[in-house]
Structures are given as structure tokens and as C-alpha cells.
Protein chains: 2
Amino acid sequence: MRQGRGAVRDGGGMDGRSGERSGRTQAERLAGEIAEAIVTGALAPGSRLDEQALAERYGVSRTPVREALRQLGTSGLVEVRPRRGAVVAQVTAEQLAELFVAMAEIEATCARLAAQSMSPLERRRLDALHDSMADLARAGDPAAYARANTAFHGAVYAGAHNTVLADFALSLRRRLQPYREAQFRVAGRLARSHDEHGVVAAAILAGRAEEAHAAMLRHVTLVESSVEGLLARATGEAGGA
Amino acid sequence: MRQGRGAVRDGGGMDGRSGERSGRTQAERLAGEIAEAIVTGALAPGSRLDEQALAERYGVSRTPVREALRQLGTSGLVEVRPRRGAVVAQVTAEQLAELFVAMAEIEATCARLAAQSMSPLERRRLDALHDSMADLARAGDPAAYARANTAFHGAVYAGAHNTVLADFALSLRRRLQPYREAQFRVAGRLARSHDEHGVVAAAILAGRAEEAHAAMLRHVTLVESSVEGLLARATGEAGGA
DNA sequence: GCGCGAAAAATTGCATGCAACACCTGGAGT
DNA sequence: ACTCCAGGTGTTGCATGCAATTTTTCGCGC
């Protein structure tokens with residue numbers, strides 16, 4: 001099936017749907033799509049990522065698929081075994097614990113730096129963001145709260161004024177997203193999460209660096225134990241198949 | 001120039017860095033080689049990475065080169081612009097500062113965790129390693145000290161018992177290597193570095209977590225200011241030779 | 001002389017084909 | 001029955017070719 005570059009290409013459109021620039025390469029687009037599929041759980045951990053199957057699925061050849069897989073391999077979302085194909089990265093319980101510890105530490109570090117170096121404007125925005133989340137927590141909408149939660153933590157990363165740490169925190173957050181999301185559906189977790197955010201935000205706004213560090217570390221560690229509780233109850237189902 | 005798969009392949013050097021199999025693909029080998037060339041300064045920051053040139057240089061086709069470049073792009077060593085080729089990542093002074101801050105924070109975190117969770121054996125080994133460095137510092141051999149220094153910091157990473165943080169610390173360390181190495185040649189820096197290590201090691205061995213954190217943060221921050229002093233004197237030449 | 005636009009050259013992006021390795025299946029030997 | 005090995009099959013790895021897009025060069029008008 002020669003697809004030929006001259007043939008009509010789907011996305012060839014001028015302004016590109018969903019705001020995506022056509023300036024991105026297929027490999028990048030694929031990396032994003034596959035990452036999305038993994039993070040949302042559409043691709044279960046451990047499932048094989050057949051190059052040809054993915055190529056047909058996304059209407060491209062194997063070459064950009066391979067490039068995307070290698071890219072995702074570096075970021076840790078998929079595991080590429082030398083001549084044995086790629087699989088969605090399987091996180092063992094120990095690795096999950098390490099990921100959570102790492103995220104807690106990085107986020108806490110970001111919080112400390114943010115307390116030291118956020119601008120007045122950034123502090124006001126963080127405050128406003130936290131306030132707006134109170135309603136969501138009361139309303140009890142896990143999905144909406146999860147989105148706002150991402151924004152809140154993102155604001156803290158940004159406030160650290162360190163793109164290296166912020167990028168790392170974001171990548172950890174993405175890798176843990178499937179596990180974190182579930183815990184928002186646990187009764188009462190929303191309100192407690194919001195309370196913990198309040199402690200973090202207050203410390204950052206007041207510039208109390210060590211306190212911000214401790215509060216964020218505690219917050220993320222609590223998320224971890226919440227997730228571990230979930231996993232303990234659903235042992236064995238995580239890996240799928 | 002059809003090279004055929006049957007041609008003699010070097011078979012890999014078995015560098016044994018982290019237990020890699022000999023079955024590495026060309027793309028992986030290339031990623032390693034190119035990364036090495038960048039880290040050692042053979043490829044200056046900002047230089048274009050022409051796919052065909054690299055392919056000829058390493059005796060392969062453009063396909064594995066492209067895969068390697070994309071891999072390096074994700075790890076941050078290389079910047080890949082969508083249709084405009086790849087260049088060795090240019091670190092501006094600000095980014096360099098951010099990298100150092102990030103490394104300082106991560107290393108400090110590792111030190112704190114190490115103080116909390118190193119095994120008695122690991123503690124003894126760290127102590128022995130530090131002792132052996134005293135001679136090197138006195139002898140004033142920058143290269144030998146640099147190697148031992150890497151081992152010392154590596155022991156701290158390992159002692160944190162968190163591969164996620166350890167891997168990140170290692171990748172930051174690699175990215176900063178060209179800049180850090182120079183400062184060991186500054187007169188007196190070796191002895192001072194060893195003294196700082198002593199404070200870090202003592203805190204870790206005694207299990208004083210917060211002290212270990214503070215000592216490591218201070219140590220790496222001092223390295224940073226030392227490097228900045230060097231850069232200030234050699235403005236603009238940063239990439240070169 | 002200088003900016004501007006179009007053709008030419010260079011370079012990237014992707015599709016395809018072929019060879020080597022990994023896995024699976026079936027049979028023989030112990 | 002179990003292990004071991006040979007053959008077949010599927011998948012990955014890489015080389016190559018072509019189309020599209022940059023970048024460069026050159027000619028033209030101002």
C-alpha cells in the first residue's frame with residue numbers, strides 16, 4: 001500500500017484542527033497521541049506496541065512510529081527492548097513508590113523555591129486558583145477538580161522559576177496521572193486535598209520556604225498513601241490481561 | 001552505497017555501564033556516541049547535526065541517526081526543530097544557572113534521603129570513598145579527583161534508594177560535566193571540595209538528614225559559583241574546545 | 001546600493017523493501 | 001514425559017528513494 005506523499009493527506013489542512021500547527025512532524029504528533037493513550041489508560045501497562053499495528057492505526061508508515069516510540073522510551077513511558085519490541089512501561093509497586101517519593105521531593109523543592117522567588121503577581125494568581133478550587137471541592141466533581149489540581153501544581157512549578165525542575169515534575173506527574181486520578185474519586189479525598197493545598201498555598205504566599213516544602217511533601221505523600229490504599233484493594237488488576 | 005546487514009559489525013564494546021546487553025541497536029549506540037561527543041565537547045553547543053554527515057561519519061544510514069537524534073532530543077542534549085534540523089542544545093547562562101540549581105536541589109534531596117536510608121554497608125563504603133579522596137586532593141590530580149568525585153556523588157545517589165531521582169541526578173551531572181570539570185583545575189578548589197564532602201559525609205553517616213541536605217546544597221552551590229567565575233572570565237567561549 | 005521575490009540547491013520527513021533476529025511450532029532423541 | 005533442536009513465521013532494524021519544505025542564491029525593481 002504505497003501511500004505516497006503526493007496523495008491527499010488527512011491533516012494536510014491549512015489551519016489544522018484542534019489548534020495543532022501542521023509544523024509538527026508525524027513522529028511528534030504520534031508521540032503525543034500514544035502518550036495520551038497510555039496516560040488515559042487506553043493502552044494498558046504491559047501491552048505490546050506493535051509498530052505495524054500502530055502505523056495502520058494512525059495511518060502512517062512504521063518509520064515515524066518508530067521515532068515516536070524511541071522518544072517515549074527516553075521519557076520513560078514505554079520500554080523499548082532492543083530487538084524485542086516496545087511495551088507500555090510496566091510499573092511495579094516498588095517503582096510506583098519510588099516515583100511517588102521522587103515526585104513528592106521534587107514538588108516540595110519547587111514549593112520551597114516558589115516561596116522564595118514567586119513574584120507578587122504569581123502569588124496572587126496562586127491564591128485565586130486555590131480559592132476557586134474550594135467550590136469544585138464542595139461540588140465534588142472529580143474530573144473538574146483534577147484539572148484545577150493540575151493547574152495548581154503547575155503554578156507552583158512555574159513559581160519555582162526553574163524549567164529543569166518544572167519539566168521533570170511535569171513528566172513525573174504525567175507518568176503518575178492514571179494512579180493519581182483514581183484517588184480523587186475516594187469519598188472525602190477532595191476536601192482533604194483542598195485543605196492540604198491551603199496549607200501549601202499559605203506558606204508559599206507568606207514566603208515561608210521550609211514550611212512550604214514540608215507542607216507539599218506531606219500533601220503528595222498523603223496522595224501516595226491514598227493511591228496505595230486503592231492499589232491494595234485492586235491487586236493484580238492493574239497490569240491487565 | 002549499500003552496506004548490507006552482513007557486513008562486519010563491531011559487536012559493541014560491552015561498556016558495561018549499567019549492565020546493557022550487547023544487543024544494542026545502532027540507534028542506541030549512536031545516541032551514546034553522539035552524547036559522548038557532546039559531553040566531552042567534541043561537538044560544540046549550537047553546531048548543526050546534519051543527518052547525512054552523521055550517517056557517513058558513523059557508517060550507517062540516516063534512519064538510525066534520526067532515531068538517535070530524537071532520543072537525545074527528549075533527554076535535552078539536542079534540540080530538534082521540526083523541519084529545520086537538529087543542533088547541539090545551546091545552554092544560555094540562565095539555563096546553566098537553572099541546571100545548577102536543579103542539580104543542587106536534587107543532590108541535596110538525595111543526600112537527605114541517603115542519610116535516612118543508607119545501609120550500614122553503604123555508609124562504610126561512602127566513608128572509605130571519602131577517605132581515599134583525601135590523598136587525591138593532596139596529590140592535586142584534577143582528573144583522578146574528578147573520577148573519584150563522580151563515584152562519591154554516585155554513592156550518595158545510590159544511597160537514596162530511589163532510581164528515579166538517581167537517574168535524574170546522573171543525567172543532570174552528565175549535562176553539566178563539561179562545566180564542572182574545568183573548576184577542578186582552579187587552584188585550591190580540590191582541597192575545598194574535599195572539605196565540603198567531609199561535611200556532607202559526616203552528616204549522612206550520622207543520619208542527620210537536614211544537615212546532609214544543607215551541606216550538599218551548599219557544596220553544589222559553591223561548585224556553581226566557582227563555575228560562574230570561570231565563565232565570567234571566558235565569556236562567549238563557553239562552548240569551545 | 002539595498003531590499004525583495006523567485007528559482008535552485010540542500011535537507012528533512014516519510015514510505016517502502018529487504019535482511020537479521022526473536023518467537024513459535026513440530027519433531028526427534030534421551 | 002521432558003528436553004532439545006530444526007524449520008517456519010512474525011517482527012524489528014536499517015538502507016534507500018522520493019516528496020515537501022526550508023535555506024541559499026541570483027536576478028530585478030526601487
Side-chain angles (χ1 to χ4, degrees), chain A residues 1-16 20-34 43 46-74 78-88 241, chain B residues 1-12 20-34 46-74 78-88:
Chain A
M1 155 171 71
R2 185 167 247 283
Q3 303 182 227
R5 205 64 172 326
V8 264
R9 280 219 264 130
D10 60 326
M14 28 278 9
D15 69 328
E20 239 65 282
R21 295 282 294 290
S22 64
R24 294 204 315 182
T25 65
Q26 297 282 48
E28 273 180 54
R29 184 177 66 87
L30 286 175
E33 304 246 355
I34 297 173
L43 282 170
S47 26
R48 297 204 68 240
L49 294 167
D50 188 83
E51 293 177 1
Q52 189 152 358
L54 286 171
E56 286 172 18
R57 173 106 176 59
Y58 291 104
V60 296
S61 85
R62 280 176 46 224
T63 307
V65 171
R66 285 176 57 78
E67 290 177 6
L69 287 180
R70 226 156 248 290
Q71 198 169 333
L72 293 171
T74 306
V78 317
E79 185 189 352
V80 288
R81 286 112 23 118
R83 280 229 172 222
R84 314 184 40 212
V87 297
V88 178
Chain B
M1 162 172 70
R2 186 163 248 287
Q3 307 176 231
R5 206 56 173 331
V8 265
R9 283 218 261 131
D10 67 328
E20 311 285 51
R21 321 233 134 101
S22 61
R24 295 203 310 181
T25 64
Q26 297 282 47
E28 273 179 53
R29 185 178 65 87
L30 285 175
E33 303 245 356
I34 297 174
S47 30
R48 296 202 69 244
L49 293 167
D50 187 82
E51 292 177 2
Q52 188 152 359
L54 285 171
E56 286 171 17
R57 171 100 177 60
Y58 291 103
V60 297
S61 84
R62 280 175 45 222
T63 307
V65 171
R66 285 177 58 78
E67 290 177 5
L69 288 179
R70 226 156 249 291
Q71 198 169 333
L72 293 171
T74 307
V78 162
E79 188 189 350
V80 288
R81 286 102 36 104
R83 279 229 172 220
R84 314 185 41 214
V87 297
V88 178

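A, B, ... follow the sequence lines: proteins, then strands. Residue 1 opens every chain. Please read these numbers as outputs of a predicted model, since none were measured by experiment.
Look at CZ on A:R24: it is 17 Å from C1' on C:dC14, rounded to the nearest Å. If you take CD of B:E51 and P of D:dT23, they are 14 Å apart, rounded to a whole angstrom. Straight-line distance from the CD atom of A:E67 to the P atom of D:dC14: 13 Å, rounded to whole Å. One interatomic measurement links the two molecules: CG of A:L54 to P of C:dA15, which rounds to 13 Å at whole-angstrom precision. Summarising the geometry, the separation between CD on B:Q52 and P on C:dT12 is reported as 9 Å, rounded to the nearest angstrom. Nucleotide D:dA20 holds its C1' atom 5 Å from the CZ atom of B:R83, rounded to whole Å. The separation between B:L69 atom CG and D:dC14 atom P is 14 Å, rounded to whole Å. In this structure, A:R81 atom CZ and C:dA22 atom C1' are separated by 10 Å, rounded to whole Å.
B:T63 contributes a side-chain N or O that forms a donor-acceptor pair with the base of D:dT16 under 3.5 Å. A donor-acceptor contact under 3.5 Å links the side chain of A:R62 to the base of D:dG13.
The closest side-chain heavy-atom distance from A:L49 to A:V87 is not below 4.5 Å. At a threshold of 4.5 Å between non-hydrogen side-chain atoms, the residues A:R70 and B:R70 do not count as touching. The shortest distance between side-chain heavy atoms of B:V60 and B:R29 falls below 4.5 Å.
Here A:R66 does not reach the OP1 or OP2 of D:dT12: none of its side-chain N or O atoms lies under 4.0 Å away. Contact between the side-chain N/O atoms of A:R48 and the OP1/OP2 oxygens of D:dT12 is found at a separation under 4.0 Å.
Applying the side chain to side chain donor-acceptor pair (under 3.5 Å) rule to B:R66 yields the partners A:E67, B:E51; only residues at least two apart in sequence or on another chain are considered.
Taking the side chain of B:T25 as heavy atoms from C-beta on, and the options D:dC14, C:dA15, D:dT12, the nearest nucleotide is D:dC14. Of all nucleotides listed (D:dC14, C:dT11, D:dT22), D:dT22 comes nearest to the side chain of B:R84. Comparing C:dC14, D:dT12, D:dC14 by their closest approach to the side chain of A:S61 singles out C:dC14.
The nearest pair of heavy atoms linking A:L43 to A:S47 is C-OG, 3.9 Å.
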